[in-house]
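Labels below follow one simple rule: chain letters A, B, ... track the order of the sequence lines, proteins then strands, and each chain is numbered from 1. Treat the numbers as computed from the prediction; the structure is a model and nothing was measured.
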Amino acid sequence: MKLTDLELEMLAGEHGRARQWAVRHQQQVGRMFDAADTVAVAQAHMMADPESLGEAGVALVEGFAALPEADRRVRVPMITDPRGVDLTCYEPLGQTEEMANLERRFVAACRAMGILMTDTCINYQTIMPPVLGEHMAYGDTGVVIYSNSVCGARSNFEGGPSALAAGLTGRTPRYGLHLDEHRRATRRYRVHAQPADLMDWGLLGATIGRMAGSYWEVPVIEGIEGIPGSDALKHFGAAMASFGSTPLFHLAGITPECPTLAAVGGDALPATDITAEDIAALRAPFEARGDRLDVVVFAAPQLSLVEMGQVAALCRGRHRHPDTALIVCTPPGVYADAVRMGHVAEIEAFGGRVLQGTCFYQQYAREIGQANGWTRLLSNSAKIVNILGGYGYRPALATMADCIASAEAGRVL
Amino acid sequence: MTRTLTCHPGIGPTVTGPALVAQDNFSARYDLDRIAGVFSRPQHALYGQSYRDVVLVLNTAKGGVATAWMLHEMTARGVAPLAIVLNRANTILAQGAALANMALVDRFADGDVTTLIATGDHVTVDPSQGLVTILGGA
């Protein structure tokens with residue numbers, strides 16, 4: 001992988017130990033994917049919750065943060081994915097002081113490096129949406145798939161270490177989705193069942209993701225009626241990325257790189273039909289009608305201001321069952337707006353908790369479940385029900401309205 | 001009798017250990033109880049089995065980005081696989097292996113690696129050369 005003169009200086013240690021580590025890391029990854037060189041990125045976005053980092057990951061970043069200012073500060077705007085502990089609300093969830101302290105240490109290290117603590121996985125709705133053709137080093141699969149597909153940005157899945165390396169160098173290895181040849185469609189799907197709500201959009205994305213089944217497949221999808229909104233495509237992409245490790249899709253006639261099927265090579269591919277039966281088959285393991293319900297979670301992705309308003313409206317004049325909890329996760333910026341607009345008060349009057357800057361599956365979900373005795377969980381997010389089976393939950397899926405009604409009834413309706 | 005498989009050059013050191021093989025995919029977040037050191041997702045083909053100090057042989061990566069940090073965290077606590085061998089890695093597995101200094105290889109010339117190696121085979125994974133040598137059964 002060819003390096004710039006500045007990268008060679010970094011590799012030689014002339015810009016400090018952190019940047020030297022960053023270039024070495026990028027060399028290893030770039031070689032694995034035969035990257036010819038690196039490309040400048042406009043932003044970096046880091047997934048780094050303390051559960052994933054552990055003591056070892058936090059100590060690594062603290063080591064960088066302790067360097068002289070010139071050696072430790074990131075070179076491009078760098079933002080963060082949801083945190084693992086809402087420091088304004090962790091004891092009520094059963095999170096420990098040890099977890100909170102790990103979180104505090106990591107946040108302090110990030111701030112010392114000049115990282116902006118946005119704590120969000122919906123930065124494309126709330127912070128600074130990418131521009132068509134802009135190269136990024138984004139983490140969180142939902143961020144990457146939305147930014148690539150809906151905005152036309154160019155990013156691979158950059159896990160926390162690689163996003164950090166990109167922040168430190170301002171560049172990332174040029175492979176995968178930075179290259180035109182990896183953005184052409186490889187699978188073509190024809191949709192015969194129109195999504196009616198956010199849960200349906202997640203289910204459709206999950207169905208396509210499971211069928212595509214690889215980071216290196218690019219689905220092009222036809223048959224979508226009308227123009228989906230941002231929250232719909234958010235759930236669609238997040239679920240597709242979760243079930244398929246898929247980083248990019250094209251919607252024929254809708255997304256910016258795909259004005260026609262032919263523009264992405266989709267006209268030359270055989271079409272696979274997506275039917276209501278395919279979607280029902282994906283949903284079947286997440287049915288739980290009649291079961292006693294421990295917790296309803298709205299998260300993964302975090303809720304937009306519009307979704308906060310929808311949940312609040314459903315909560316109005318009602319109250320949760322005493323044995324069923326409600327948790328809502330939203331970015332700090334949206335939280336502030338939602339307080340101002342009265343949405344948080346309405347959700348709290350229902351008996352719900354609104355967490356700021358976290359996402360449920362990224363905040364020690366196993367330990368929270370054990371501390372509260374929660375196993376049966378209900379959500380409208382196809383992504384979160386896909387993840388939480390491995391964390392000891394029995395996750396089920398329902399629409400936003402049915403989730404609130406179930407929380408009120410204490411059982412899955 | 002030994003047999004050597006050729007793959008794309010990968011990441012990490014040369015290691016030798018027993019293989020644990022399944023026709024399934026991998027995510028540290030989705031599939032593992034990282035404290036207990038076992039596969040914890042009930043639907044996974046390796047559910048309940050320990051992944052500690054084995055050469056994991058699976059199909060591809062799935063899910064999100066957390067594995068990029070988690071392999072490092074698992075290695076630091078000494079509850080980690082020796083190596084991960086896949087038909088096709090995604091970017092996250094590569095980034096995680098680089099941080100953790102864990103052996104990772106993919107893209108085999110001989111076909112589906114989950115059918116070429118059996119659970120219990122002792123294998124040497126040489127990422128720098130892009131070679132996996134099957135030394136025989138345990």
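The closest side-chain heavy-atom distance from A:F243 to B:K62 is not below 4.5 Å. Counting heavy atoms from C-beta outward, A:N386 and B:R41 have side chains that approach closer than 4.5 Å. Considering only heavy atoms from C-beta on, A:V144 stays 4.5 Å or farther from B:V65 through its side chain. A 4.5 Å side-chain heavy-atom check between B:P9 and A:R31 finds every atom pair outside the cut-off. A 4.5 Å side-chain heavy-atom check between B:E73 and A:E51 finds every atom pair outside the cut-off. In this structure, B:I35 and A:R366 have side chains that are not in contact, with every pair of non-hydrogen atoms separated by 4.5 Å or more.
Among A:V29, A:L53, A:N156, the residue with the largest count of heavy-atom pairs under 4.5 Å with chain B is A:L53. If you tally non-hydrogen atom pairs under 4.5 Å between each of B:H44, B:Q43, B:H72 and chain A, the highest count goes to B:H72. Per-residue counts of heavy-atom pairs under 4.5 Å with chain A were compared for B:A98, B:A94, B:G130; the largest is that of B:A98. Most heavy-atom pairs under 4.5 Å with chain B, from the set A:G54, A:S162, A:A241, A:A163: that is A:S162.
Shortest non-hydrogen contact noted between A:G159 and B:A68 is CA-CB, 3.7 Å. Here the closest heavy-atom approach between residue A:S52 and residue B:A66 is recorded as OG-CB, 3.7 Å. Scanning both residues, A:P161 and B:L99, for their nearest heavy atoms gives CG-CD2, 3.4 Å. The heavy-atom pair separating B:P42 from A:G389 by the smallest distance is CD-O, 3.6 Å.
The parts of B:A89 that come within reach of chain A are both its backbone and its side chain, each placing non-hydrogen atoms under 4.5 angstrom from that chain. Looking at B:T60, the atoms closer than 4.5 Å to chain A (heavy atoms on both sides) all sit in the side chain, from C-beta outward. Contact of A:L60 with chain B is made through the side chain alone, with heavy-atom distances under 4.5 Å. Proximity to chain B is absent for every atom of A:M240, based on heavy atoms less than 4.5 angstrom apart. Contacts between B:R107 and chain A at a heavy-atom distance below 4.5 Å involve the side chain alone, from C-beta outward. Contacts between B:R29 and chain A at a heavy-atom distance below 4.5 Å involve backbone atoms as well as side-chain atoms. Interface residue A:V61: only side-chain heavy atoms are found under 4.5 Å from chain B. Looking at B:L32, the atoms closer than 4.5 Å to chain A (heavy atoms on both sides) all sit in the backbone: N, CA, C or O. Contacts of A:Q362 with chain B are made by both backbone and side-chain atoms, with heavy-atom separations under 4.5 Å.
Judged by distance alone, the side chain of B:Q95 and the main-chain N or O of A:F157 form a donor-acceptor pair under 3.5 Å. B:W69 places a side-chain N or O within donor-acceptor distance of the main-chain N or O of A:M47, the cut-off being under 3.5 Å. Using a distance-only test at 3.5 Å, with no hydrogens or angles considered, a donor-acceptor pair links the side chain of B:S40 to the main chain of A:G390.
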Handout entry: Step-by-step side-chain hydrogen bond (donor to acceptor under 3.5 Å, both in side chains) determination, A:S245 to B:N90
Key = CA-CA 8 Å; A:S245 196; B:N90 73 352; 3.1 Å; yes
Exercise for the section: Dump the intermediate steps for side-chain contact (heavy atoms from CB on, under 4.5 Å) on B:T91 and A:Y175, then the final yes or no. Expected result: CA-CA 10 Å; B:T91 63; A:Y175 66 93; 3.4 Å; yes
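Put simply, CG on B:L93 and CE on A:M32 are 8.0 Å apart, with the number rounded to the nearest 0.5 Å.
Side-chain polar atoms of B:Y30 and A:S242 form a donor-acceptor pair below 3.5 angstrom.
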